[in-house]
Amino acid sequence: MRAPPGAEPPALAPAAATARALLAWYTHAGRRLPWRAVPGGPLPDPYGVLVSEFMLQQTRVETVRAPWARWMARWPDFSSLANATLDAVLAQWTGLGYYARARHLHRLAQTVVRDHGGALPRAQAALAALPGLGPYTQGALRSVAFGEPAALVDGNVARVLARWHAVQVDVRQGAGRRAVWAAAQAWMDVPEASAHPGDWNQALMELGAVVCVPGAPRCGACPVAAACRAHAEGRELDLPVRVRPPAPRVVAACYAVLTRTVATADADSGDQEVLVGQRPAQGRWAGLWEPPGCEGPDAHDRLHAWLGAAGCDSPRALGSLVHVLTHRRYEVQGWAAAAGSADLACLGYVAQRWMPVAAALGITAGLSKLGQRLVELAAAPAPSPRPARARATPAEKG
DNA sequence: AATGCGGGGGT
DNA sequence: ACCCCAGCATT
């Protein structure tokens with residue numbers, strides 16, 4: 001721990017002392033989890049590890065404890081799981097989310113029984129061919145269950161390594177992702193780490209989960225703070241770099257809500273119907289229905305040209321609304337008109353039909369959320385003096 | 001390289 | 001209200 005003035009910055013390369021310090025901390029302070037082996041002890045049951053790893057994908061440790069115990073009590077091995085029905089498996093997964101994981105796990109068990117004699121294969125190629133086993137889970141099984149010197153990177157490891165090495169780019173994608181995987185792999189060249197690969201990898205994840213946490217890392221409690229470049233440079237709060245997703249692209253759109261009144265036995269007030277078109281099978285809102293509209297800078301002109309050609313005279317402005325998706329911000333002008341001889345194919349729709357307004361607002365109608373909002377806009381009797389919530393004007397908040 | 005996929009906890 | 005979480009499959 002010699003630190004002469006002007007000495008080189010803290011270790012950027014894997015170092016035996018750092019590996020020893022982290023493993024010692026993990027042995028002493030690591031949580032005892034039911035699927036986790038005692039540090040330094042014999043390897044755990046691969047099936048139990050596999051189940052835990054599937055449940056832990058994008059899910060916190062504390063969320064998994066109880067479901068894992070229930071699962072292991074019901075299906076303690078590959079053959080019992082392989083013999084279970086998919087319905088039972090999915091029901092047992094209830095509440096964990098990402099249900100594709102349960103389907104993969106079930107299918108994996110059946111594959112292991114059928115093709116691998118009921119035991120998880122050790123060869124990397126065979127492992128990678130199993131459903132639901134991506135790079136992270138492969139590394140976890142190889143190191144934790146089989147004791148092989150395989151690296152892994154999850155969200156915790158990516159954050160820890162981003163701080164240790166002061167990685168300046170987003171470690172979740174592209175070059176940053178590759179850099180973090182390379183760094184994780186480099187640690188497997190340190191004998192202190194590769195001698196206990198399962199403990200080493202779990203120690204890295206444990207550190208990220210309880211010390212090197214995202215918001216306010218507890219560097220005072222970190223066993224390897226001396227090796228951390230971000231800490232040495234006082235930038236632990238700035239790393240890992242958070243790539244703010246680009247602001248949604250603004251899309252101008254113009255829609256027309258065409259309605260007609262259908263006579264009913266209840267002669268007083270006929271039922272209102274709205275004209276909707278079905279979007280193509282590809283692209284945004286594929287196959288969903290919506291009132292006719294178009295998008296783009298010239299959306300207003302194109303829509304009104306279409307309205308005129310369709311004989312929908314004197315459209316009435318409904319006002320505007322903003323609809324935000326992950327990557328798009330739709331700024332929509334709505335218009336109401338009486339129906340003419342409207343052909344929606346000209347606007348790119350693959351089908352069209354009249355739909356009762358009440359049905360269009362239901363969840364089973366197949367309208368996009370934007371389509372429903374437009375129908376609501378047209379169906380609203382009048383702008384009330386006090387809207388339910390000022391959702392459309394979040395900017396006023398500040 | 002994007003996108004969809006659940007649900008819950010922390011700040 | 002975000003942000004993040006022991007990710008993976010699909011396009």
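Protein chains get the first letters and strands the later ones, always in sequence-line order, with residue 1 at the start of each.
DNA chain B contains the following stems of three or more consecutive Watson-Crick or G-U pairs, with both distances under 3.5 Å: B:1-5 with C:7-11, B:7-11 with C:1-5.
A/L105 comes within 4.0 angstrom of nothing in the nucleic acid, heavy atoms only. Using a 4.0 Å heavy-atom criterion, one finds that A/G215 contacts no nucleic acid atom at all. Residue contacts for A/R159: at a heavy-atom cut-off of 4.0 Å it reaches the sugar-phosphate backbone alone, with no base atom in range.
Between the side chains of A/T261 and A/Q272, at least one donor N or O lies within less than 3.5 Å of an accepting N or O.
Atom P of nucleotide C/dA6 and atom CH2 of A/W35 are separated by 11 Å, given to the nearest angstrom. Rounded to an integer number of Å, the gap from A/H104 NE2 to B/dG4 C1' is 13 Å. Atom pair A/L237:CG and B/dT11:P shows a separation of 14 Å (rounding to whole Å applied). We find that CG of A/L56 is positioned 12 Å from P of C/dC8, with the value rounded to whole Å. Whole-Å rounding puts the A/E62 CD to C/dC5 C1' distance at 13 Å. One atom, CH2 of A/W93, and another, P of B/dC5, lie 18 Å apart when rounded to the nearest Å. The distance between atom CE of A/M205 and atom C1' of C/dG7, rounded to the nearest whole Å, is 13 Å. In this structure, CG of A/L141 is placed 13 Å from P of C/dG7, rounded to the nearest angstrom.
With sequence neighbours excluded, the residues that form a ring pair (Phe, Tyr, Trp, His ring centres under 6.0 Å) with A/W75 are A/W71.
Judged by closest nucleotide on DNA chain C, A/P214 is the one of A/P214 and A/V153 placed further toward the 5' end. The residue among A/D154 and A/R107 whose nearest nucleotide of DNA chain C lies closer to the 5′ end is A/D154.
The gap from the P atom of C/dA6 to that of B/dG4 amounts to 24 Å, rounded to the nearest Å. Comparing the same atom, P, in C/dC8 and in B/dG8 gives a spacing of 22 Å after rounding to whole Å.
A donor-acceptor contact shorter than 3.5 Å links the side chain of A/D199 to the backbone of A/G40.
A salt bridge links A/R260 with A/E273: the distance from a Lys NZ or Arg NE/NH1/NH2 to an Asp or Glu carboxylate oxygen falls below 4.0 Å.
What you find for A/F54 and A/G132 is that their closest heavy atoms are CZ-O, 3.7 Å.
Here the CD-CZ distance, from A/E62 to A/R31, works out to 6.0 Å after rounding to the nearest 0.5 Å. For the atom pair A/C254 SG and A/E331 CD, the distance stands at 13.0 Å (nearest 0.5 Å). Put simply, CH2 on A/W200 and CH2 on A/W187 are 4.5 Å apart, with the number rounded to the nearest 0.5 Å.
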What N/O pairs connect the protein and nucleotides 6-10 of chain B at under 3.5 Å? Give each pair on its own line.
| residue | atom | partner | partner atom | Å |
| --- | --- | --- | --- | --- |
| B/dG6 | O4' | A/Y98 | N | 3.1 |
| B/dG6 | O6 | A/Y98 | OH | 3.2 |
| B/dG6 | N1 | A/Q58 | O | 3.2 |
| B/dG6 | N2 | A/T59 | OG1 | 3.1 |
| B/dG6 | N2 | A/L96 | O | 2.9 |
| B/dG8 | N2 | A/R60 | NE | 3.4 |

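Grouped with A/L239 in one hydrophobic cluster are A/V241, the linkage being side-chain heavy-atom contacts under 4.5 Å among Ile, Leu, Val, Met, Phe, Trp and Tyr residues.
By the criterion of side-chain heavy atoms lying less than 4.5 angstrom apart, applied directly or through intervening Ile, Leu, Val, Met, Phe, Trp or Tyr residues, A/L133 is grouped together with A/V113 in one hydrophobic cluster.
Shown for residues 128-137 of chain A: no residue has heavy atoms falling under 4.0 angstrom of DNA chain B.
When the shell of 6.0 Å around CZ of A/R65 is examined, it contains more than 12 heavy atoms from other residues, nucleotides or ligands.
Among residues at least two apart or in separate chains, there is no salt bridge (Lys or Arg N to Asp or Glu O under 4.0 Å) pair with a member in residues 87-98 of chain A.
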